[in-house]
There are 2 protein chains.
Amino acid sequence: MWKLGDLWMSYVKEILALLREKEYKLTPQRKIIIQAFFDNMEKHLSAEDVFNIVSQDHPEIGLATVYRTLDLLAELGILKKMNFGDNKFRYEFCPEKDNHHHHHLICLNCNKVIEFEDDLLESLEALIAKRIGFHVVDHQLKVFGFCKNCKENLQDI
Amino acid sequence: MWKLGDLWMSYVKEILALLREKEYKLTPQRKIIIQAFFDNMEKHLSAEDVFNIVSQDHPEIGLATVYRTLDLLAELGILKKMNFGDNKFRYEFCPEKDNHHHHHLICLNCNKVIEFEDDLLESLEALIAKRIGFHVVDHQLKVFGFCKNCKENLQDI
DNA sequence: CTTAGTGCAAAACCTTTGCAACTCT
DNA sequence: AGAGTTGCAAAGGTTTTGCACTAAG
């Protein structure tokens with residue numbers, strides 16, 4: 001078990017250091033938005049989600065700032081910009097480079113997103129590189145279906 | 001080698017039969033839009049792409065009709081609605097149920113989309129079903145990177 | 001005939017941009 | 001002090017909707 005404090009110490013400080021290093025300013029808005037992701041670790045927040053969260057305590061923060069901050073954090077590799085097919089971008093903390101990728105199981109009924117770790121795909125990447133000459137940078141796997149709960153409650157699937 | 005005529009006979013007639021069966025009308029607009037996908041088999045068309053294609057010979061067809069038809073065809077399982085992260089939906093013919101899935105290699109430089117067939121993922125699906133109790137209906141794999149051409153022409157990757 | 005489908009224009013929705021005011025460093 | 005950042009409002013791009021009109025069955 002980890003304590004939030006520890007995470008904050010190691011992870012957020014790292015983020016802030018990265019901003020400082022690249023000569024971006026450490027504005028309160030940016031800190032607040034990063035905090036929002038820590039408070040919602042497991043979720044995949046859209047820009048509007050973030051805006052609603054930070055608005056509760058900081059109604060002065062504008063939506064455009066949220067968008068600009070998310071773009072910046074994605075560019076720095078801190079957040080990962082993804083798309084679950086609802087035609088809006090969602091963001092989550094980018095897994096460390098040396099970590100295994102995690103993927104997403106998306107329930108077609110309740111829209112819950114379950115994370116799933118697996119490294120079966122590493123061998124697929126090697127295959128692609130060899131067979132097609134494609135230099136793989138990243139991959140995303142989305143699996144659609146019905147989660148345990150919904151599967152049990154639905155008759156018609 | 002196949003002839004286009006044969007495909008049309010077997011595939012389009014099947015689509016039109018499905019529409020008739022579900023009591024949807026076989027309007028000229030719908031036929032024209034289906035034809036546009038046959039003329040662009042290998043591509044992943046957005047609604048606007050389709051609109052531009054059909055407008056050449058049929059400028060009277062409205063954009064809203066294109067959207068409505070694409071929605072309908074996706075709902076019937078004839079087209080597959082996908083999203084390559086450019087925040088617009090793209091469509092392609094839905095692979096037959098018993099076919100292997102194909103996946104997409106997306107070049108981060110020239111945005112070309114290369115299709116890739118593989119069934120490594122079948123075993124992953126079984127794993128998910130067992131480990132998490134998730135009933136898998138479909139999956140999508142997107143691989144981002146640089147295609148052979150761009151890899152050779154770029155210094156800085 | 002009757003109801004689904006169409007075309008147009010307007011609205012809705014998410015995201016980006018221009019600009020004056022502001023604030024981190 | 002000065003460059004980067006913000007908030008607001010307006011604009012941009014994609015998709016959806018309302019409505020009168022048309023056409024397939």
Side-chain angles (χ1 to χ4, degrees), chain A residues 15-36 44-76 78-91 111, chain B residues 15-36 44-76 78-91 111:
Chain A
I15 293 172
L16 298 183
L18 185 59
L19 285 174
R20 207 178 292 117
E21 180 190 325
K22 305 244 172 169
E23 309 214 303
Y24 290 109
K25 291 179 179 167
L26 276 61
T27 64
Q29 291 91 334
R30 286 174 178 168
K31 290 179 190 166
I32 290 162
I33 289 169
I34 293 168
Q35 181 66 53
H44 306 85
L45 304 175
S46 68
E48 211 190 343
D49 292 338
V50 174
F51 178 69
N52 289 332
I53 290 166
V54 301
S55 287
Q56 287 172 26
D57 286 329
H58 304 276
E60 73 283 2
I61 294 182
L63 182 56
T65 298
V66 172
Y67 274 101
R68 284 185 285 228
T69 301
L70 295 179
D71 273 354
L72 174 65
L73 294 175
E75 209 163 285
L76 292 175
I78 293 163
L79 294 180
K80 199 163 155 64
K81 190 173 187 174
M82 28 193 26
N83 199 309
F84 291 121
D86 54 355
N87 230 16
K88 73 173 78 168
F89 289 117
R90 295 183 170 278
Y91 299 79
N111 295 312
Chain B
I15 294 172
L16 298 183
L18 185 59
L19 285 174
R20 207 178 292 118
E21 183 190 323
K22 304 244 171 165
E23 308 212 305
Y24 290 111
K25 291 179 179 168
L26 276 60
T27 65
Q29 291 90 335
R30 284 173 180 172
K31 290 178 190 167
I32 290 163
I33 289 169
I34 293 169
Q35 181 65 53
H44 307 84
L45 304 175
S46 68
E48 212 191 344
D49 293 337
V50 174
F51 178 68
N52 289 333
I53 290 166
V54 302
S55 288
Q56 288 172 24
D57 286 328
H58 304 277
E60 73 283 0
I61 294 181
L63 183 57
T65 298
V66 172
Y67 274 102
R68 285 184 284 227
T69 302
L70 295 179
D71 273 354
L72 175 63
L73 294 174
E75 210 164 283
L76 291 175
I78 293 164
L79 293 180
K80 202 163 153 66
K81 191 174 188 174
M82 27 194 26
N83 200 309
F84 292 122
D86 53 356
N87 230 17
K88 73 173 77 166
F89 289 117
R90 296 184 170 277
Y91 299 80
N111 294 313

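So that the names make sense, note that chain A is the first sequence line, chain B the second, and so on, each numbered from 1.
- For DNA chain D, the span of nucleotides reached by chain B at under 4.0 Å from its heavy atoms goes, 5' to 3', from D:dT14 to D:dG25.
- Residues passing the side chain to side chain contact (heavy atoms under 4.5 Å, CB included) test with A:K80 are A:M82, A:E92, A:C94, A:P95, A:D138, sequence neighbours excluded.
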N/O donor to acceptor pairs below 3.5 angstrom from side-chain atoms of residues 52-69 of chain A, sequence neighbours left out:
residue, atom, partner, partner atom, Å
A:N52, ND2, A:E48, O, 3.3
A:S55, OG, A:F51, O, 2.7
A:T69, OG1, A:T65, O, 2.8

Where along nucleotides 1-7 of chain C does protein come under 4.0 Å, by heavy atom, of base (B) or sugar-phosphate alone (S), with - for untouched nucleotides? --BBSBB

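- Among residues two or more places apart in sequence or in another chain, the ring pair (Phe, Tyr, Trp, His ring centres under 6.0 Å) test is passed with A:F84 by A:H44, A:H104.
- Axis deviation across the helix from C:dC1-D:dG25 to C:dT25-D:dA1 amounts to 40°, comparing end segments of five pairs, rounded to 10 degrees.
- Both B:R90 and B:L26 lie close to DNA chain D; mapped to their nearest nucleotides by heavy-atom distance, the more 5′-ward contact belongs to B:R90.
- Residue contacts for B:D71: at a heavy-atom cut-off of 4.0 Å it reaches the sugar-phosphate backbone alone, with no base atom in range.
- Comparing B:K81 and B:R20, the nucleotide of DNA chain D nearest to each residue sits closer to the 5' end for B:K81.
- For B:D49, the side chain to side chain donor-acceptor pair (under 3.5 Å) partners at least two apart in sequence or on another chain are B:S46, B:R90.
- Taking the salt bridge (Lys or Arg N to Asp or Glu O under 4.0 Å) definition, one finds that B:K25 meets it with nothing, sequence neighbours left out.
- Legend: residues meeting side chain to side chain donor-acceptor pair (under 3.5 Å) with A:T27, ordered by chain and number and at least two apart, are absent.
- As rounded to whole Å, 10 Å separates atom P of C:dT25 from atom CG of A:L16.
- Counting to the nearest Å, the P atom of C:dT16 and the NZ atom of B:K88 are 14 Å from each other.
- Proximity of A:I34 to A:L16: side-chain heavy atoms (C-beta onward) are separated by under 4.5 Å at one or more points.
- Looking at residues two or more places apart in sequence or on another chain, you find no side chain to side chain donor-acceptor pair (under 3.5 Å) involving A:R30.
- One can place CD of A:E48 at 5 Å from P of C:dC14, the figure rounded to the nearest angstrom.
- With sequence neighbours excluded, no residue forms a salt bridge (Lys or Arg N to Asp or Glu O under 4.0 Å) with B:K88.
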Should B:V50 and B:Y91 be marked as a side chain to side chain contact (heavy atoms under 4.5 Å, CB included) after you check the CA-CA gap, both sets of side-chain angles, and the distance that decides it? CA-CA 10 Å; B:V50 174; B:Y91 299 80; 6.0 Å; no

Passes side chain to side chain contact (heavy atoms under 4.5 Å, CB included), B:K81 versus B:L70? Steps please. CA-CA 8 Å; B:K81 191 174 188 174; B:L70 295 179; over 6 Å; no

